[in-house]
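Accompanying notes for the structure given below.
Within every chain, numbering begins at 1; the chains are lettered A, B, ... in the order of the sequence lines, protein sequences first and strands thereafter. Nothing here was measured: the structure is a model prediction, and the numbers come from that model.
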Protein chains: 2
Amino acid sequence: MSRTSQADKRRTLNAQKITEAAIELADSQGIEALSMRKLATQLGVTAMSIYNHVANKDDLLSLMLDHVVSEFERPQIKGDWQETMRRRAHSMRQAFLRHPWAPPLLISTITNGEQTMRDTDATLGCLINAGFTYAAADWARNAIDSHIYGYTMQELNFPVEPDEYKAAAAHYLPMIEKSDFPYLHGATLALVNGEYDGVTQFDFGLNLLLEGLARQLQSGQLS
Amino acid sequence: MSRTSQADKRRTLNAQKITEAAIELADSQGIEALSMRKLATQLGVTAMSIYNHVANKDDLLSLMLDHVVSEFERPQIKGDWQETMRRRAHSMRQAFLRHPWAPPLLISTITNGEQTMRDTDATLGCLINAGFTYAAADWARNAIDSHIYGYTMQELNFPVEPDEYKAAAAHYLPMIEKSDFPYLHGATLALVNGEYDGVTQFDFGLNLLLEGLARQLQSGQLS
DNA sequence: ACCTGAACACCGTTCAAGT
DNA sequence: ACCTGAACACCGTTCAAGT
């Protein structure tokens with residue numbers, strides 16, 4: 001009987017199952033809760049079994065990240081490059097909202113997985129096809145990705161939800177001395193008074209970049 | 001004699017000394033090498049002594065981050081807002097190059113320290129003084145910071161140094177199948193052939209943002 | 001008031017032993 | 001070929017005991 005149950009485990013456990021369980025654990029409990037021991041428990045197995053399928057925890061994280069990248073919408077080479085870049089950016093933000101642990105790890109990843117290479121290839125392809133030089137395509141991709149990563153990481157770590165901004169501002173206002181922080185005080189007061197809603201826009205920065213790129217491309221600075 | 005040495009320790013150890021030693025350790029050995037035990041050894045003291053001056057490791061990290069923020073150039077309220085924002089951005093990038101562990105922690109920090117509030121106040125002040133509404137100043141600051149954080153984190157984690165790009169490209173080229181990754185292959189080949197240098201520019205994305213903001217401000221969309 | 005050693009509840013990972 | 005338990009070298013932090 002113990003033979004059968006072990007045989008069952010052998011059939012079920014593999015790198016993909018481990019990766020999926022790890023992502024689910026990191027999504028629901030946070031990345032700091034992802035330990036080899038907890039993951040093993042979730043899988044109904046001993047911590048050490050995992051090492052038969054992945055080299056170590058870093059290897060597991062790489063597999064998890066490559067899966068996240070697979071959720072990015074792959075750019076079409078042909079077509080409206082601005083719209084294609086916008087669709088990719090939005091899909092990346094959505095993937096990061098589903099997997100909030102991913103951006104800091106993904107941006108720090110040294111070796112690139114299969115999916116990352118596919119994403120980079122298609123992104124460069126779209127821009128080059130639109131008339132960008134290799135150098136300009138590289139700069140453009142870098143600037144767009146900076147915004148996607150920087151914006152979503154700020155967004156993910158913002159301490160209050162959009163529908164609580166006004167209440168939070170009213171709560172913090174007394175702690176922001178008008179004499180010490182006049183503009184922060186003014187901005188917080190404007191929020192309390194409903195003069196603006198405090199919601200930043202992903203598309204605001206993205207449009208600044210895309211419109212600037214379009215303008216430079218049209219005037220021949222990038223081609 | 002043991003009395004004197006303990007009295008000496010009491011005089012020397014304080015939150016500021018601990019913070020400085022922690023920053024030095026993180027700068028030189030990496031943030032993952034910063035443990036309470038190693039930090040204590042560096043300070044010639046027991047790990048537990050540290051807890052007499054900081055609440056816990058998170059508290060220590062907050063103190064470290066507030067010090068990093070103090071190295072940002074504080075925006076002048078009056079003056080050329082574009083130039084002021086550019087100076088702040090460059091000083092932030094330089095601070096992050098000195099303290100590469102800081103950006104992911106700083107962008108994730110929930111509670112803001114004194115220096116962070118001063119930076120935010122002066123940044124908003126500069127933009128509001130230039131004619132931005134509260135909302136527009138918030139969007140602008142968010143977009144600029146997204147670029148600073150996103151760009152520097154990509155830069156800090158890029159696996160090769162600029163003067164090794166060409167050699168690295170030549171090394172990786174055979175691994176990038178032309179049929180699988182045509183554009184990545186082409187870009188790498190262009191790098192090997194010296195058609196472009198592969199160096200991305202911090203100012204490229206920053207200028208796109210600032211020029212776009214200036215254009216929208218001038219046309220009355222943000223005021 | 002501050003420093004200390006022992007202890008607790010965790011980690012990732014190695015290794016020899018099982019089947 | 002894969003799973004396991006014990007062990008090692010680490011963590012952050014609590015607590016009672018010192019001065």
Side-chain angles (χ1 to χ4, degrees), chain A residues 1-23 25-26 28-65 101 104-105 108-111, chain B residues 1-23 25-26 28-65 101 104-105 108-111:
Chain A
M1 191 192 139
S2 72
R3 254 185 89 212
T4 345
S5 94
Q6 245 200 34
D8 282 356
K9 281 180 188 176
R10 284 189 202 192
R11 215 171 294 126
T12 50
L13 203 61
N14 57 49
Q16 197 193 325
K17 282 258 165 75
I18 291 169
T19 305
E20 283 166 11
I23 290 174
L25 210 163
S28 60
Q29 310 272 105
I31 192 71
E32 69 286 348
L34 175 66
S35 76
M36 299 303 263
R37 283 168 169 90
K38 280 182 198 158
L39 177 58
T41 305
Q42 189 109 331
L43 288 160
V45 101
T46 282
M48 296 313 105
S49 308
I50 296 174
Y51 286 84
N52 289 309
H53 302 94
V54 301
N56 49 38
K57 196 179 180 179
D58 271 358
D59 185 30
L60 174 59
L61 288 170
S62 294
L63 291 170
M64 292 166 69
L65 291 170
W101 45 271
L105 293 174
S108 310
T109 293
I110 304 301
T111 54
Chain B
M1 193 191 133
S2 73
R3 256 186 89 212
T4 343
S5 93
Q6 244 202 34
D8 282 356
K9 281 180 187 175
R10 285 189 199 192
R11 216 170 293 125
T12 51
L13 202 62
N14 57 51
Q16 198 193 323
K17 283 260 165 74
I18 292 169
T19 304
E20 282 166 12
I23 289 173
L25 210 163
S28 60
Q29 310 271 104
I31 191 71
E32 69 285 348
L34 175 65
S35 75
M36 299 303 263
R37 283 169 170 89
K38 280 182 198 156
L39 177 58
T41 305
Q42 187 110 331
L43 288 161
V45 100
T46 282
M48 295 312 105
S49 308
I50 297 173
Y51 286 85
N52 288 309
H53 303 94
V54 302
N56 49 39
K57 196 179 181 180
D58 272 358
D59 185 30
L60 174 59
L61 287 171
S62 294
L63 290 170
M64 293 166 69
L65 291 170
W101 46 271
L105 293 175
S108 308
T109 291
I110 304 302
T111 53

May I ask you to verify if any side-chain N or O of Ser49(B) is less than 4.0 angstrom from the OP1 or OP2 atom of dT4(C)?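 For Ser49(B), the contact criterion (side-chain N or O under 4.0 Å from OP1 or OP2 of dT4(C)) is met.
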Ignoring backbone atoms, establish whether His53(A) has a side-chain N or O less than 4.0 Å from OP1 or OP2 of dA1(D).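 Answer no for this pair, as no side-chain N or O of His53(A) is under 4.0 Å from OP1 or OP2.
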Of the candidate nucleotides dC3(C), dC2(D), dG5(C), which contains the atom at the shortest distance from the side chain of Thr46(B)?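 So the nucleotide nearest the side chain must be dG5(C).
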Of all the heavy-atom pairs spanning [X] and [Y], show the shortest one and how long it is.
{"X": "Leu60(B)", "Y": "Thr19(B)", "result": "CD1-CA, 4.1 Å"}
{"X": "Leu43(B)", "Y": "Ala21(B)", "result": "CD2-CB, 3.7 Å"}
{"X": "Tyr51(B)", "Y": "Asn56(B)", "result": "CE2-CA, 3.9 Å"}

Rounded interatomic separation in angstrom, taking [atom1] from [X] and [atom2] from [N]:
{"X": "Gln29(B)", "N": "dC11(D)", "atom1": "CD", "atom2": "C1'", "value": "17 Å"}
{"X": "Ile50(A)", "N": "dC11(C)", "atom1": "CD1", "atom2": "C1'", "value": "13 Å"}
{"X": "Lys38(A)", "N": "dC11(C)", "atom1": "NZ", "atom2": "C1'", "value": "10 Å"}

Taking side chain to side chain contact (heavy atoms under 4.5 Å, CB included) as the definition, give me every residue that meets it alongside Asn52(B), ordered by chain and number, with sequence neighbours left out.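 Scan of Asn52(B) (side chain to side chain contact (heavy atoms under 4.5 Å, CB included), adjacent residues dropped) gives none.
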Return the set of residues passing side chain to side chain contact (heavy atoms under 4.5 Å, CB included) with Ser49(B) (not counting sequence neighbours), or none when no residue passes.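 For Ser49(B) the side chain to side chain contact (heavy atoms under 4.5 Å, CB included) partners, ignoring immediate neighbours, are Leu13(B), Val45(B), Thr46(B).
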Return a single string for nucleotides 12-17 of chain D, one symbol per nucleotide in 5' to 3' order, where B is base contact, S is sugar-phosphate-only contact and - is none, cutoff 4.0 angstrom on heavy atoms. BBB---
Can you give me every donor-acceptor pair (side chain of residues 29-38 of chain B, partner residue at least two apart or in another chain, under 3.5 Å) with its distance?
unit_1, atom_1, unit_2, atom_2, d
Ser35(B), OG, Lys38(B), N, 3.1

Measure the shortest side-chain to side-chain distance between Ile18(B) and Leu63(B) over non-hydrogen atoms and say whether it is less than 4.5 angstrom.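 A side-chain contact under 4.5 Å is absent here.
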Once Watson-Crick and G-U wobble pairs under 3.5 Å are found, how is DNA chain C written in dot-bracket notation, 5' to 3', with | for any base paired to another strand? ||.|||||...|||||.||
The criterion is side chain to side chain donor-acceptor pair (under 3.5 Å); which residues satisfy it with Glu20(B), sequence neighbours excluded?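 Expected list: Gln16(B).
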